[in-house]
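None of the values given here were measured: they were computed from a predicted structure.
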Amino acid sequence: ITQGGSFSVFKMTGGGNSEVIQGWTTSGAINTGLGAYNVVTIVGVGSNIQFYCNSQLLTSFNDASYASGFCTITDRAVQRSTMIIIRSRV
């Protein structure tokens, strides 16, 4: 997400390549401005993945490509990334 209130979702496809899942989109759910606080939630159930910001749905999609993997939330303004490990339930 950006301080201007936009977000995008990409899927890494191997070899350093990526696929756009959701292009840059503006959302009123995102608190804007430098230093604004936002809570990002990612929910995966089966092949359905939902992205929320401040408890409001931003986007959802279905993708059964991987049984497990990881998600990185990147803050380009301060060049910091947070990695989240995703595993299937047993």
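- Partners of Ser8 by side chain to side chain donor-acceptor pair (under 3.5 Å), not counting sequence neighbours: none found.
- Looking at every heavy atom in both residues, Ala29 comes nearest to Leu58 through CB-CD2, 4.1 Å.
- In this structure, Val9 and Phe61 approach most closely via the heavy-atom pair CG1-CE2, 4.1 Å.
- In this structure, Asn48 CG and Asp63 CG are separated by 10.5 Å, a value rounded to the nearest 0.5 Å.
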**Item:** Step-by-step side-chain contact (heavy atoms from CB on, under 4.5 Å) determination, Ser27 to Phe7
**Value:** CA-CA 8 Å; Ser27 173; Phe7 73 97; 4.1 Å; yes

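- The two residues Thr26 and Ser6 come nearest to each other via the heavy atoms OG1-OG, 3.3 Å.
- Glu19 and Thr13 share no side-chain donor-acceptor pair at under 3.5 Å.
- In this structure, Phe10 and Val20 approach most closely via the heavy-atom pair CE2-CG2, 3.3 Å.
- Separation of atoms CD1 (Ile1) and CH2 (Trp24) is listed at 9.5 Å; rounding is to 0.5 Å.
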**Request:** Walk me through it: do Thr32 and Gln3 pass the test side-chain contact (heavy atoms from CB on, under 4.5 Å)?
**Result:** CA-CA 5 Å; Thr32 59; Gln3 66 179 350; over 6 Å; no

List the atom pairs, donor and acceptor, that lie under 3.5 Å between side-chain atoms in residues 38-47 and the rest of the protein, sequence neighbours left out.
| residue | atom | partner | partner atom | Å |
| --- | --- | --- | --- | --- |
| Asn38 | OD1 | Asn31 | N | 2.7 |
| Asn38 | OD1 | Asn54 | ND2 | 2.8 |
| Asn38 | ND2 | Asn31 | O | 3.1 |

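- Atom CD1 in Ile30 sits 6.5 Å away from atom OG1 in Thr2 (nearest 0.5 Å).
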